[in-house]
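See below for the structure under consideration.
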Amino acid sequence: MKLRSTIIATAAVSTSLALLSCGGGPNFSYQNVRVTITPEIKSIPVNATQIFNTSTVNAPNVPLWSINGNYTSGLVTSGSFNSSTENPSSATFTAPTAPPIYTDAQVSAGAVQGSVRLSAGVSVNPNSSPDLIVTSESFVIIGPISVGISPPMSSVQLTGTQQFAGYVVGSVDTGLNWQVDGVGGGSLSGIVTPTGLYTAPSAIPVPGKIVTVSAVSLADPTKSASSVVTLTPP
């Protein structure tokens with residue numbers, strides 16, 4: 001009986017050591033893990049599909065796919081993707097029906113207007129909560145061009161300033177031409193810089209004057225967005 005117990009104990013220790021050597025220990029983690037997504041693209045048209053694949057070095061190639069950081073099917077406006085349990089390293093992305101326009105909160109969280117960020121994360125510790133090595137790539141959704149501006153309205157004291165933010169979706173060319181009352185760079189109603197910083201004039205040009213600051217798409221000058229500025233005494 002004693003000999004049999006010794007053999008069983010020895011076998012248990014050997015099994016434990018084998019589990020540890022192959023990643024079965026609670027503190028095991030893969031080292032020097034690298035994840036790559038292919039192909040690397042810059043843009044994709046609305047409604048189009050694209051198959052992405054991952055290759056992983058020093059860990060199982062079983063990624064968690066995400067859109068804009070959500071490890072789910074992704075935001076509806078960002079498109080969706082599907083991966084199978086048989087081949088999780090491959091995912092088919094379906095572009096949305098229109099270029100995505102995100103809320104201020106989503107932009108603050110890292111979303112880029114008109115673009116999608118696709119990520120793949122591989123766990124380096126298979127025995128605990130996911131500790132992921134993540135790689136990402138971003139691409140523009142090509143479709144109908146539209147322009148946005150914020151804030152949509154404001155009050156600015158004479159000689160004061162107001163910073164505007166603008167965006168273009170639907171094109172890889174996201175450049176903007178800033179205008180004041182339809183004049184590039186500014187007019188008697190104030191000036192605006194290429195970055196959207198508006199400076200009010202020193203005097204109200206016309207009593208009750210309402211100023212319009214506009215962002216015009218360089219890709220399609222027929223597309224623009226405007227903000228209304230009320231000038232007030234200092």
Side-chain angles (χ1 to χ4, degrees), residues 9-143 167 169 171-172 174:
T10 302
V13 170
S14 299
T15 301
S16 298
L17 290 174
L19 287 171
L20 285 170
S21 66
C22 69
N27 297 319
F28 174 85
S29 63
Y30 299 106
Q31 302 298 314
N32 302 316
V33 176
R34 297 192 303 277
V35 185
T36 303
I37 298 176
T38 55
E40 183 177 352
I41 65 174
K42 299 300 182 183
S43 63
I44 182 173
V46 294
N47 299 314
T49 59
Q50 173 68 55
I51 297 176
F52 292 94
N53 295 281
T54 60
S55 59
T56 303
V57 177
N58 296 327
N61 192 25
V62 185
L64 293 174
W65 294 91
S66 72
I67 297 177
N68 292 341
N70 295 319
Y71 287 90
T72 63
S73 60
L75 299 172
V76 174
T77 57
S78 302
S80 61
F81 65 88
N82 292 293
S83 60
S84 67
T85 55
E86 292 79 11
N87 186 19
S89 64
S90 179
T92 300
F93 172 79
T94 301
T97 58
I101 297 176
Y102 302 110
T103 65
D104 290 343
Q106 290 167 336
V107 171
S108 296
V112 176
Q113 299 288 13
S115 295
V116 170
R117 186 178 77 255
L118 182 71
S119 301
V122 171
S123 175
V124 299
N125 189 337
N127 303 301
S128 63
S129 59
D131 184 8
L132 301 176
I133 297 295
V134 179
T135 188
S136 303
E137 68 172 80
S138 297
F139 42 87
V140 174
I141 306 299
I142 301 297
Y167 63 82
V169 302
S171 171
V172 293
T174 58

query = So, for Ala95 and Ile141, which heavy atoms are closest and what is the spacing to 0.1 Å?
reply =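 Shortest heavy-atom contact: CB-CD1, 4.3 Å.
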ask   = Taking all non-hydrogen atoms of both residues, which atom of Pro100 and which atom of Val116 are closest, and how far apart?
value =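 That closest heavy-atom pairing would be CG-CG2, 4.3 Å.
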In chain order, what residues pass the side chain to side chain donor-acceptor pair (under 3.5 Å) check against [X], with sequence neighbours excluded?
X      : result
Thr135 : none
Ser136 : Ser119
Asn58  : none
Glu40  : none

query = Given the rule in the side chain to side chain contact (heavy atoms under 4.5 Å, CB included) test, do Val62 and Val122 qualify, once you have shown the distances and angles that lead to the verdict?
reply = CA-CA 6 Å; Val62 185; Val122 171; over 6 Å; no
Within the structure provided, determine whether [X] and [Y] are in side-chain contact (heavy-atom separation under 4.5 Å).
X      : Y      : answer
Tyr30  : Asn125 : no
Phe52  : Thr92  : no
Thr54  : Thr36  : no
Val172 : Ile142 : yes
Pro63  : Thr56  : no
Ile51  : Phe93  : no

Gap between atom CG of Asn61 and atom OG of Ser89 - 0.5 Å precision =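 Rounded to the nearest 0.5 Å, the OG-CG separation comes to 4.5 Å.
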query = Once you round to the nearest 0.5 Å, how far does CZ of Phe139 lie from CD1 of Ile44?
reply =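 CD1 of Ile44 is found 6.0 Å from CZ of Phe139.
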Do [X] side-chain atoms and [Y] backbone N/O form a donor-acceptor pair below 3.5 Å?
X      : Y      : value
Trp65  : Pro88  : yes
Gln50  : Thr94  : no
Thr103 : Gln106 : yes
Asn68  : Arg117 : yes

request  = For side chain to side chain contact (heavy atoms under 4.5 Å, CB included), just list the numbers for Glu137 and Ile41, CA-CA rounded to whole Å, side-chain angles, deciding distance to a tenth of an Å, and then say yes or no.
outcome  = CA-CA 8 Å; Glu137 68 172 80; Ile41 65 174; 3.8 Å; yes
key: Contacts of type side-chain contact (heavy atoms from CB on, under 4.5 Å), residue Pro45, not counting sequence neighbours   =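 With neighbours one apart ignored, the set is Ala48.
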Partner set under side-chain contact (heavy atoms from CB on, under 4.5 Å) for Tyr167, not counting sequence neighbours =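 Partners of Tyr167 by the side-chain contact (heavy atoms from CB on, under 4.5 Å) criterion, ordered by chain and then number, come out as Ile101, Gln113, Val169.
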request  = Indicate whether the side chain of Asn53 and that of Ser90 have a donor and an acceptor atom separated by less than 3.5 Å.
outcome  =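 There is such a pair between these side chains.
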